[in-house]
Structures are given as C-alpha cells and as structure tokens.
Visitor: 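Dropping a structure here in structure tokens format, bear with me for questions.
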Amino acid sequence: MKVLLTTTYGKIVLQLDTVRAPATTENFVQYVRDGHYDGTIFHRVISNFMIQGGGFTPDMEQKPTRAPIENEAGNGLSNETGTVAMARTSDPHSASAQFFVNVADNHFLDQARSPDGWGYAVFGKVVEGMETVERIKGVPTGNKGFHQDVPREDVMIESAQVLED
C-alpha cells in the first residue's frame, strides 16, 4: 500500500508495511482517507534526526484525533533513514495521528535499544521523494509558543492520498 504526501516542498511517496505493522498502517490510512493530514504542517524538524507532522495546523493548534493505538514497535522494522514511524508521548501506547520520517539512522528508537523497552513503531518507508525530505530537514527552525524546532516558514502537507490498496 502506498500513500502520496503532497507538500509545499514537493511530493513524498510512502510504502506502508501492512504485514509487519497492520494496526499502525490501518490507523494511518484511515487518517489519510478522512482528510486529517490535509492542511497540516511538519511542526518539528531536527536536521540530524527526523521531520514530524500530522498533528498541527499552521497556527499550531492540535487537531483532534481518534483513540490511540497499540505500539507495534516489536515488528522487526528499524528506525533507519527514510523510514516512517509513529510519534507518541512517554506512554508507549499513545500514538494517534502524528508521524515522523527518520532523516538519520535512529536505532535508539527501536524497541530493542529503547530505554523504555517499547520504542517507536516503524510502519513504512519513503520510496519516492527523499529529496523532498532532505529539503524539509534543512529548513530554518525556531520556537513557536511552547514548541521547539518549528520551521520558521510553514512546511504544509497540502494533501495525503492512498495511491494503491
């Protein structure tokens, strides 16, 4: 299954792993089909770590979400450059809509190496548009309210759509 993210910096195509991360993929795809990601921003960009989006409008208002999902980080997929994973709070089972693309090998986020023993669930990878991810990771960032590492100019997800089931 593939999803196309059309951003103000270009297109990103994600190949989702429905076998190793079935619940996470289903959750993400439902947000895509609901139009949840349309008009959201990449609100956290750390150039040597990841780009995170899917939860905030340009004015940094958090969008409402469905109930959180179970953490599927023990699925054998690793937080490597170009993979996409679910963002969460300190609660391992708190992932809902926010996701991030790893822009470095972040193996410390894998379940086996994670200090909390849970890790962050990888559920796919970028198969087209890594140059877009590279452009986004290089944007200037700063603080916005209580939020850090926020792009100084909005990096919008204009639309998200399922390309194939």
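These numbers were taken from a predicted model, which means no experiment stands behind them.
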Visitor: Quick one: CZ on Arg152 to CG on Asn143, what's the gap to the nearest 0.5 Å?
Guide: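 Result: 8.0 Å between the selected atoms.
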
Visitor: If you count the non-hydrogen atoms of other residues, nucleotides and ligands that lie under 6.0 Å from CD in Gln30, is the total more than 12?
Guide: yes

Visitor: Is there a path of hydrophobic side-chain contacts, each under 4.5 Å between heavy atoms of I/L/V/M/F/W/Y residues, joining Phe100 to Phe42?
Guide: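 No, Phe42 and Phe100 fall in different hydrophobic clusters.
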
Visitor: Run the numbers on Val84 and Val122 for side-chain contact (heavy atoms from CB on, under 4.5 Å), then give the verdict.
Guide: CA-CA 6 Å; Val84 60; Val122 173; 5.9 Å; no

Visitor: With the 4.5 Å side-chain cut-off for hydrophobic clustering, are Ile51 and Met60 part of the same group?
Guide: no

Visitor: Given 3.5 Å as the limit, does a donor-acceptor pair link the side chain of Lys2 with the main chain of Leu16, or not?
Guide: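 Answer holds: no.
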
Visitor: Do Tyr120 and Asp110 have side chains that approach each other closer than 4.5 Å (heavy atoms only, starting at C-beta)?
Guide: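 No. Closest side-chain heavy atoms not under 4.5 Å.
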
Visitor: Is there a side-chain contact between Phe56 and His147 in this structure, where contact means two heavy atoms from C-beta onward sitting under 4.5 Å apart?
Guide: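 Side chain of Phe56 against side chain of His147, heavy atoms only: contact under 4.5 Å found.
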
Visitor: The test is side chain to side chain donor-acceptor pair (under 3.5 Å); show your working for Thr89 and Asp91 and say whether it passes.
Guide: CA-CA 5 Å; Thr89 66; Asp91 176 350; 5.3 Å; no

Visitor: Might you work through the side-chain contact (heavy atoms from CB on, under 4.5 Å) test for Met1 and Val29, ending with a clear yes or no?
Guide: CA-CA 9 Å; Met1 178 175 287; Val29 167; 3.1 Å; yes

Visitor: Are the side chains of Lys144 and His43 in touch, meaning some heavy atoms are under 4.5 Å apart?
Guide: no

Visitor: Let me see the working for Asn102 and Thr81 under side chain to side chain donor-acceptor pair (under 3.5 Å), right down to the final yes or no.
Guide: CA-CA 5 Å; Asn102 288 291; Thr81 303; over 6 Å; no

Visitor: Any idea which heavy atoms bring Ala97 and Gly54 closest together, and the distance?
Guide: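 Closest approach of Ala97 to Gly54: CB-O, 3.8 Å.
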
Visitor: Within the 4.5 Å heavy-atom criterion, are Phe123 and Asp17 side-chain neighbours or not?
Guide: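 When only atoms from C-beta onward are counted, Asp17 and Phe123 do not touch, as no gap falls below 4.5 Å.
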
Visitor: Side-chain heavy atoms under 4.5 angstrom apart, residues restricted to Ile, Leu, Val, Met, Phe, Trp, Tyr: same cluster for Met130 and Phe49?
Guide: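 In one cluster: no.
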
Visitor: Using a strict 4.0 Å threshold on nitrogen-to-oxygen distance, state whether Asp116 and Arg88 make a salt bridge.
Guide: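 A salt bridge links Asp116 with Arg88.
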
Visitor: In the structure I gave you, are the side-chain heavy atoms of Val133 and Val126 within less than 4.5 Å of one another anywhere?
Guide: yes

Visitor: Using ring pair (Phe, Tyr, Trp, His ring centres under 6.0 Å), reason through Phe28 and Tyr37 one step at a time and then give a plain yes or no.
Guide: CA-CA 10 Å; Phe28 182 78; Tyr37 297 123; 5.2 Å; yes

Visitor: Can you find a heavy atom in the side chain of Thr8 that is under 4.5 Å from one in the side chain of Glu158?
Guide: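 In short, these two side chains touch, coming nearer than 4.5 Å.
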
Visitor: Drop me the distance from Glu134's CD to Ser47's OG, to the nearest 0.5 angstrom.
Guide: 10.0 Å

Visitor: Using modelled atom types and a 3.5 Å cut-off, is there a donor and acceptor pairing between side-chain atoms of Glu72 and backbone atoms of Thr24?
Guide: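 Between the backbone of Thr24 and the side chain of Glu72 there is a qualifying donor-acceptor contact (under 3.5 Å).
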
Visitor: Test His107 against Glu80 for side chain to side chain donor-acceptor pair (under 3.5 Å), laying out the working first.
Guide: CA-CA 7 Å; His107 299 292; Glu80 297 174 342; 4.5 Å; no

Visitor: Under a 4.5 Å cut-off applied to non-hydrogen side-chain atoms, are Phe108 and Pro115 in contact?
Guide: no

Visitor: Looking at Asp38 and Ala160, what are the two nearest heavy atoms and their distance?
Guide: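 Taking Asp38 first and Ala160 second, the nearest heavy atoms are OD1-N, 2.9 Å.
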
Visitor: If you take all heavy atoms of Ala73 and Trp118, which pair is closest and at what distance?
Guide: CB-O, 3.0 Å

Visitor: Is there a side-chain contact between Ile46 and Met50 in this structure, where contact means two heavy atoms from C-beta onward sitting under 4.5 Å apart?
Guide: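 The answer is yes, as the side chains (C-beta and beyond) meet within the 4.5 Å cut-off.
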
Visitor: Do Leu109 and Leu77 belong to the same hydrophobic cluster, where Ile, Leu, Val, Met, Phe, Trp and Tyr are linked whenever their side-chain heavy atoms lie under 4.5 Å apart, directly or via other members?
Guide: no

Visitor: Run the salt bridge (charged side-chain N to carboxylate O under 4.0 Å, His left out) test against Lys125 and tell me which residues pass, sequence neighbours left out.
Guide: none

Visitor: Looking only at non-hydrogen atoms, find the nearest pair between Gly129 and Ile12 and report the distance.
Guide: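 Reported closest heavy-atom pair: O-CG1, 4.0 Å.
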
Visitor: Taking the side chain from Thr25 and the backbone from Ala21, do they hold a donor-acceptor pair closer than 3.5 Å?
Guide: yes

Visitor: Is there a chain of hydrophobic side chains (I, L, V, M, F, W, Y, each step under 4.5 Å between heavy atoms) that links Val3 to Met156?
Guide: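 Different clusters: Val3 never reaches Met156 through Ile, Leu, Val, Met, Phe, Trp or Tyr contacts under 4.5 Å.
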
Visitor: Can you give me the closest heavy-atom contact between Pro151 and Val45, atom names plus distance?
Guide: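 So the two residues come closest at CG-CG2, 3.6 Å.
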
Visitor: Using every non-hydrogen atom in the two residues, find where Ala121 and Asn71 come nearest and quote the distance to one decimal.
Guide: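 Shortest heavy-atom contact: CB-OD1, 4.0 Å.
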
